[in-house]
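Contents: one structure, followed by commentary.
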Amino acid sequence: MAEPLLDVSDLTIALKIGARSINIVDGISFRIDPGGRLGVVGESGSGKSMIALALTGLLPNVMQLVSGSIRFQGEALELAPPARMRQIRGRDISLVFQEPATALNPVFTTGRQVSEVLREHEKISAREARNRTIELFRQVGIPAPERRISDYPHQMSGGMRQRVMIAMALACRPRLLIADEPTTALDATIQEQIIDLLAALQEETGVAVMLISHDLPLVAEFAEQVMVMYAGRVAEIAPADTIFEAAMHPYTRGLIACAIGLETGTSRLPTIEGQVPPPLQFPPGCRFASRCPHAAAQCAQSVPGLQPIGPQHVAACLRLDQMTKLEVAS
Amino acid sequence: MSRYILKRLLSAIPVLLLVSIAAFVLIQLVPGDAAAIIAGPDASNDEVEFVRRQLGLDRPWPLRLQDWIFGLAQGDLGYSYILNRPVTEAILERLPVTLSLAGLSIIFATVLGVALGVLAAVFHRSWIDALAMTVALFGVSVPNFWFGLIAILIFAVGLGWFPPGGYVSPTESFTGWLSAMALPALTLGTASMGQISRFSRSVMLEQLGQDYVRTARAKGLGQGNVIGRHALKNAMIPILTVIGISFSLTMAGAIIVESVFSLNGLGRLMLHGIQRRDYPVLQGGMLVIAFSFVIINLLVDILYSWLDPRVRYD
């Protein structure tokens with residue numbers, strides 16, 4: 001197998017609350033191949049955004065990278081000094097955030113905010129940066145780019161702003177693009193446009209993409225691999241094209257049931273009862289146990305490890321062997 | 001942008017007119033007979049009548065208001081019988097002193113205040129934060145006449161670095177002017193500095209938590225760029241308002257600081273005006289100070305539009 005672009009293993013991130021420390025991301029491992037597309041799915045509070053921040057060395061002060069390794073092109077990012085991380089950020093790994101309305105600085109022109117990345121990482125003239133910015137605007141589908149580079153964020157629509165964010169992220173031709181809920185703040189029709197744009201740009205530039213979202217169908221449509229997270233742990237990693245049939249973890253199945261319910265428009269939407277427990281109330285065993293329709297006594301006590309199910313397919317559930325039967329019975 | 005500035009300039013005109021009328025009304029509100037008060041307790045009836053005629057107080061008020069407004073339009077603020085010279089002349093002579101004092105103290109308060117506030121926010125909850133906020137609290141709470149006296153004692157009398165008082169015109173000697181104004185400006189600006197730094201800290205803390213700051217970091221920009229450019233430009237918008245407000249504090253404080261440093265400025269002129277019931281001087285001084293507020297606010301508005309594109313286009 002080829003050398004992965006990004007190899008994360010046993011990543012653990014703790015939230016410090018006074019003297020206490022809770023693992024809000026708990027022993028996560030995954031990899032992304034060069035030019036690969038990984039989708040990360042989970043509810044809010046599942047820790048998916050924290051992974052994105054940890055990969056770029058941007059964790060807030062109250063969060064701490066406790067253990068695990070992040071190998072990016074063979075380099076140990078968890079050990080990299082801040083100055084090195086600065087070089088990597090925006091040039092090798094770039095980020096697109098959820099809310100383009102607030103992620104752009106309101107007092108600078110959008111063009112300037114894009115050319116700024118270029119000028120930071122590549123020693124180029126202002127004129128050259130301007131030309132490249134116009135080219136990038138065109139590439140992400142912003143009409144009349146020569147004019148739009150002088151626009152301020154408030155003069156653009158949400159979709160246009162997100163295109164600016166993507167132009168910014170792709171400016172230095174990174175190897176990895178992390179898109180954290182890039183469409184959540186947008187209208188449904190614009191959502192699709194942005195995902196299509198990401199897919200097209202991914203093919204064009206060969207950048208690897210990690211797409212983070214709470215929307216399973218959206219992620220499954222875009223990604224090659226889907227990683228389902230629950231309360232800071234991996235529930236299941238499966239190939240995107242088979243996840244709807246082959247999902248084994250009760251949580252993934254719950255998500256699928258919700259998604260299919262939305263698609264077919266059944267009168268009563270299926271839901272997963274309850275909510276993700278807050279970090280302070282994480283149970284000692286399987287964190288999904290309290291909401292799981294298949295939970296048994298053992299689930300409350302022991303933490304499930306990832307079990308291989310098929311090629312590229314793993315799930316973390318203590319009752320995997322009963323799962324197929326259980327599903328049929330119910 | 002230029003349309004916005006033009007609009008602002010035009011909207012200042014009615015304000016200035018209102019201020020002029022308010023200054024006129026002030027004299028009319030003097031209890032009792034203004035002419036008798038101005039002429040003094042020992043004046044004869046003829047003298048009082050003379051003063052009354054000179055001040056135009058024998059004419060009906062609409063005519064007097066008309067004279068006052070027309071006089072203003074020509075830069076004529078009336079005549080002071082106590083100073084025995086036109087008020088405009090007396091004020092123009094004193095104005096450079098007060099403008100130097102207020103201007104330098106605002107510059108000092110802004111530069112140091114914003115710097116301390118930003119440092120405190122960036123190093124939130126560290127010893128730097130604590131130190132900066134101690135300095136700010138000191139600035140807000142120490143009375144400026146006391147601070148001025150101590151500054152004279154240490155830096156002028158003790159160390160001999162600066163003159164203890166007096167004014168030097170910048171056209172005469174620029175360094176002399178700076179050195180003469182250093183202690184007064186420091187004294188006058190300390191309170192504003194404290195206010196500005198406390199406010200800057202809280203605004204900056206808020207800005208540093210914004211999404212666009214995270215974006216700037218995600219681009220790989222350095223700390224200086226993220227804080228000094230991205231966050232500070234946004235933070236300066238509300239800070240500017242506080243700087244504008246603290247200018248009024250500065251004008252009021254100028255009266256005391258000019259006395260401490262024996263500077264013959266507008267503040268002292270007005271102080272003497274109050275003591276000697278020189279109403280034309282008070283009226284003129286009040287008007288000039290009000291005008292300076294209007295101009296400062298206009299400047300603040302123009303700076304807003306420069307800092308914040310949303311103001312420009314809305």
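Labels below follow one simple rule: chain letters A, B, ... track the order of the sequence lines, proteins then strands, and each chain is numbered from 1.
The nearest pair of heavy atoms linking A:Ala208 to A:Gly35 is CB-N, 3.6 Å.
At a 4.5 Å heavy-atom cutoff, A:Ile178 makes no contact with chain B through either its backbone or its side chain. With a threshold of 4.5 angstrom between heavy atoms, B:Leu307 approaches chain A through N, CA, C or O but not through any side-chain atom. Interface residue A:Thr102: backbone and side-chain heavy atoms are both found under 4.5 Å from chain B. Interface remark: A:Gln113 contributes backbone and side-chain atoms alike to the contact with chain B (heavy atom separation under 4.5 Å). For A:Arg112, the part lying under 4.5 angstrom from a heavy atom of chain B is the side chain only. Interface residue A:Leu58: only side-chain heavy atoms are found under 4.5 Å from chain B.
Within the 3.5 Å criterion, the main-chain N or O of B:Leu266 finds a donor-acceptor partner in the side chain of B:Thr98.
Side-chain atoms of A:Gln193 and A:Arg163 form a donor-acceptor pair, as typed in the model, at a separation below 3.5 Å.
Other residues, nucleotides and ligands contribute only 12 or fewer heavy atoms inside 6.0 Å of the CZ atom of A:Arg147.
Of the charged side-chain nitrogens involved, none lies within less than 4.0 Å of a carboxylate oxygen, so that A:Glu135 and A:Arg132 do not count as a salt-bridged pair. Salt-bridge formation is detected for the pair B:Lys219/A:Glu116: a Lys NZ or Arg NE/NH1/NH2 atom is positioned less than 4.0 Å from an Asp or Glu carboxylate oxygen.
Across A:Gln87, A:His121, A:Arg91, A:Met165, the residue that shares the most heavy-atom pairs under 4.5 angstrom with chain B is A:His121.
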